[in-house]
Amino acid sequence: FADGKKWKIGFSQVTTIEPWRAQFNKDIIAEAAKHPEVELIITDGEDKTEKQVADVENLIRQEVDALLVSPKESAGLTGVVQQAIDAKIPVFVLDRNVDTKDYTQFVGGDNALIGRAAGEYAVELLGGKGKAAGNVVEIWGGMGTQPAHDRHDGFHEFTDKEPGIKYLLDQQSGDWKQDQAYNIMANALKTNEKIDLVYGHNDPMAYGAYLAAKDVGREKDIKFIGIDGLPNEGVQMVNKGELTATFTYVTPGAEGLRQAIKFLNGEKVEKTITLPTERITKENAAKILKDNGL
Ligand code: FRU
């Protein structure tokens, strides 16, 4: 703007401690740096719904020109997203949705597709279509989030067709956290002599399960599948042979901000932007690390 006016864009992030969230913030900050006409305000919900709700209320009071929000969970954030919409603030929902479709745009990965890709690969690892057999531990992400449900449903579209596959846990959530997944897996290992495959809804949890297995000397008997595929996290774990596979879940940081700017500039934006995914195994991990200078 010639008069020095800036677009004030607020971004309510759920937490900053998880590696994927740290990358997400890096991506949005790097994108903002390319747009001198944008003032970006980032808040940290500290992984608590109440804190994130207060953050969004605060951003509404500051009269941001656009609101970006990546919710802790759907139900708890829906009211405040609706408040922003009612205040005529364009809202961009990133990665995890809310229980309204009234927002301007959703930007995120296709979690059902990722779940299906993981399920199809699990079947292959356990012996192939029609022959797959084994005991599977699934560690859920946050129960109140769409990604966890989609990652579960997609996976089971493939694995449920295999009568030889048995599930050892009933909806155990590690809330996306490595330490919680470690405890779930440590218990599962105590009560089950044979575990063949672990499906963690993200890489930190797949890795937590791997560490639990390693601590009792059973990690070599088990395949571990995760999701996120950050070069400095999941890809490295695959390359080291800790995880068998991961699926990239690109952060919506850069794309989300670009879309908001586009909208503020008067252009039309699509209701949903779906970010791509890729399977990472030993076959391509080293190359991806090299491409990322790691
Ligand atoms: C980070 C995270 C990622 C996961 C995403 C799902 O908070 O748990 O690991 O892919 O959120 O919403």
Side-chain angles (χ1 to χ4, degrees), residues 17-23 95 109 111-126 134-143 145 147-156 158-159 165 167-169 171-189 192 195-251 277-285 288-289:
I17 47 173
E18 288 162 38
W20 189 84
R21 296 287 155 186
Q23 185 61 48
D95 153 52
N111 288 294
L113 177 83
I114 294 172
R116 284 197 292 274
E120 190 172 19
Y121 195 53
V123 167
E124 195 180 315
L125 289 171
L126 293 174
N135 293 339
V136 170
V137 161
E138 177 180 8
I139 305 177
W140 281 67
M143 294 304 287
T145 70
H149 288 271
D150 290 348
R151 288 172 190 190
H152 167 83
D153 293 348
F155 186 82
H156 283 262
F158 280 86
T159 59
I165 293 182
Y167 307 101
L168 300 180
L169 299 184
Q171 284 215 336
Q172 294 233 30
S173 169
D175 196 29
W176 309 113
K177 310 285 189 303
Q178 179 182 316
D179 55 342
Q180 292 190 35
Y182 180 99
N183 293 336
I184 291 171
M185 184 65 178
N187 280 327
L189 286 158
N192 297 282
I195 297 177
D196 302 292
L197 186 138
V198 171
Y199 173 43
H201 285 187
N202 69 358
D203 289 340
M205 295 196 299
Y207 185 64
Y210 165 82
L211 289 180
K214 190 161 184 253
D215 283 351
V216 293
R218 287 170 62 181
E219 81 282 7
K220 297 253 169 357
D221 309 333
I222 306 171
K223 308 264 193 282
F224 297 88
I225 299 181
I227 295 170
D228 278 347
L230 293 176
N232 60 6
E233 192 198 25
V235 182
Q236 255 160 2
M237 292 166 182
V238 169
N239 198 47
K240 282 193 225 152
E242 296 163 339
L243 303 188
T244 313
T246 180
F247 295 82
T248 47
Y249 189 58
V250 182
T251 89
T277 184
E278 182 188 5
R279 182 174 81 194
I280 296 163
T281 63
K282 260 263 151 87
E283 269 169 40
N284 55 356
I288 294 168
L289 290 177

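Treat the numbers as computed from the prediction; the structure is a model and nothing was measured.
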Trainee: Side chains of Glu233 and Met237: does their closest heavy-atom pair fall under 4.5 Å?
Mentor: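 Heavy-atom side-chain distance check passes, below 4.5 Å.
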Trainee: Could you pull out the closest heavy-atom pair between Leu289 and Pro231, with the gap in Å?
Mentor: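 The answer is CD2-O, 3.4 Å.
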Trainee: Atom CD1 of Ile114 and atom OG1 of Thr246: how far apart are they, to the nearest 0.5 Å?
Mentor: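 So the CD1 of Ile114 and the OG1 of Thr246 are separated by 9.0 Å.
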Trainee: Would the distance check show the side chain of Asn284 and the main-chain N or O of Thr281 forming a donor-acceptor pair, the cut-off being under 3.5 Å?
Mentor: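 Present.
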Trainee: Any ion pair linking Lys177 and Asp175 (charged N to carboxylate O, less than 4.0 Å)?
Mentor: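 A salt bridge is present here (some side-chain N lies under 4.0 Å from a carboxylate O).
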Trainee: Give a yes or no on whether the backbone of Gly229 and the side-chain of Asp203 come within a donor-acceptor separation of less than 3.5 Å.
Mentor: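 Checked: pair present.
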Trainee: Of all heavy-atom pairs between Trp176 and Asn202, which one has the smallest distance, and what is that distance?
Mentor: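 Distance-wise, the nearest heavy atoms are O-ND2, 3.1 Å.
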Trainee: Please give me the minimum heavy-atom distance between Asn135 and Asp196, naming the atom from each residue.
Mentor: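 Closest heavy-atom pair between Asn135 and Asp196: N-OD2, 2.6 Å.
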Trainee: So among Tyr121, Phe158, Tyr167, Phe155, which one has a ring pair (Phe, Tyr, Trp, His ring centres under 6.0 Å) with Tyr199?
Mentor: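 That would be Phe155; it is the only one of Tyr121, Phe158, Tyr167, Phe155 passing the ring pair (Phe, Tyr, Trp, His ring centres under 6.0 Å) with Tyr199.
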Trainee: Using side-chain heavy atoms (C-beta onward) and a distance below 4.5 Å, is Ile195 in contact with Met185?
Mentor: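 Touching, per the 4.5 Å side-chain cut-off.
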Trainee: Which value, rounded to the nearest 0.5 Å, describes the distance between Gln171 atom CD and Trp140 atom CH2?
Mentor: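 Answer for the CD-CH2 pair, Gln171 versus Trp140, is 4.5 Å.
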Trainee: Would you tabulate the side-chain donor-acceptor contacts of residues 208-219 under 3.5 Å, counting partners in other chains and residues two or more places apart, or write 'none'?
Mentor:
| from | atom 1 | to | atom 2 | distance (Å) |
| --- | --- | --- | --- | --- |
| Asp215 | OD2 | Tyr182 | OH | 2.5 |
| Arg218 | NH1 | Leu189 | O | 2.9 |
| Arg218 | NH1 | Asn192 | O | 3.3 |
| Arg218 | NH2 | Asn192 | O | 2.8 |
| Arg218 | NH2 | Glu193 | O | 3.0 |

Trainee: With sequence neighbours excluded, tell me which residues meet salt bridge (charged side-chain N to carboxylate O under 4.0 Å, His left out) with Arg279.
Mentor: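 Partners of Arg279 by the salt bridge (charged side-chain N to carboxylate O under 4.0 Å, His left out) criterion come out as none, since no residue qualifies.
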Trainee: Please give me the minimum heavy-atom distance between Thr277 and Thr248, naming the atom from each residue.
Mentor: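 Result for this residue pair: OG1-O, 2.7 Å.
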Trainee: Is the cationic atom of Arg151 (NZ for Lys, CZ for Arg) positioned less than 6.0 Å from the six-membered ring centroid of Phe247 and within 45 degrees of its normal?
Mentor: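 No, Arg151 does not sit over the ring of Phe247.
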Trainee: Are Gln23 and Asp228 close enough, and set up right, to give a side chain to side chain contact (heavy atoms under 4.5 Å, CB included), and what steps lead you there?
Mentor: CA-CA 11 Å; Gln23 185 61 48; Asp228 278 347; over 6 Å; no
Trainee: What are the two closest non-hydrogen atoms of Ile225 and Ala118, and how far apart are they?
Mentor: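 Shortest heavy-atom separation between Ile225 and Ala118 comes out as CD1-O, 4.1 Å.
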Trainee: Carefully, step by step, assess Thr159 and Val136 under the rule side chain to side chain contact (heavy atoms under 4.5 Å, CB included).
Mentor: CA-CA 10 Å; Thr159 59; Val136 170; over 6 Å; no
Trainee: With a 4.5 Å heavy-atom cut-off, do Gln180 and Met205 have their side chains touching?
Mentor: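 No - every pair of side-chain heavy atoms lies 4.5 Å or more apart.
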Trainee: Which value, rounded to the nearest 0.5 Å, describes the distance between Trp20 atom CH2 and Thr251 atom OG1?
Mentor: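 The OG1 atom of Thr251 is 6.0 Å from CH2 of Trp20, to the nearest 0.5 Å.
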Trainee: Take Gln172 and Asn187, measure what side chain to side chain contact (heavy atoms under 4.5 Å, CB included) needs, and give me the verdict at the end.
Mentor: CA-CA 11 Å; Gln172 294 233 30; Asn187 280 327; over 6 Å; no
Trainee: To the closest 0.5 Å, what do you measure between NE2 (His201) and CE (Met143)?
Mentor: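 His201 NE2 to Met143 CE: 9.0 Å, rounded to 0.5 Å.
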Trainee: How many angstroms lie between atom CG of Asn183 and atom CD of Gln178, to the nearest 0.5 angstrom?
Mentor: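 One gets 11.0 Å once the value is rounded to the nearest 0.5 Å.
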Trainee: Under the side chain to side chain contact (heavy atoms under 4.5 Å, CB included) criterion, do Glu138 and His156 qualify, and how do the steps go?
Mentor: CA-CA 10 Å; Glu138 177 180 8; His156 283 262; 2.9 Å; yes
Trainee: How long is the gap from CG on Leu197 to CG on Leu126, to the nearest 0.5 Å?
Mentor: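 So the gap between those two atoms works out to 5.0 Å.
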Trainee: Of the non-hydrogen atoms in Asn111 and Asp95, which two are nearest, and what is the gap between them?
Mentor: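 For Asn111 and Asp95, the tightest heavy-atom pair comes out as ND2-O, 4.4 Å.
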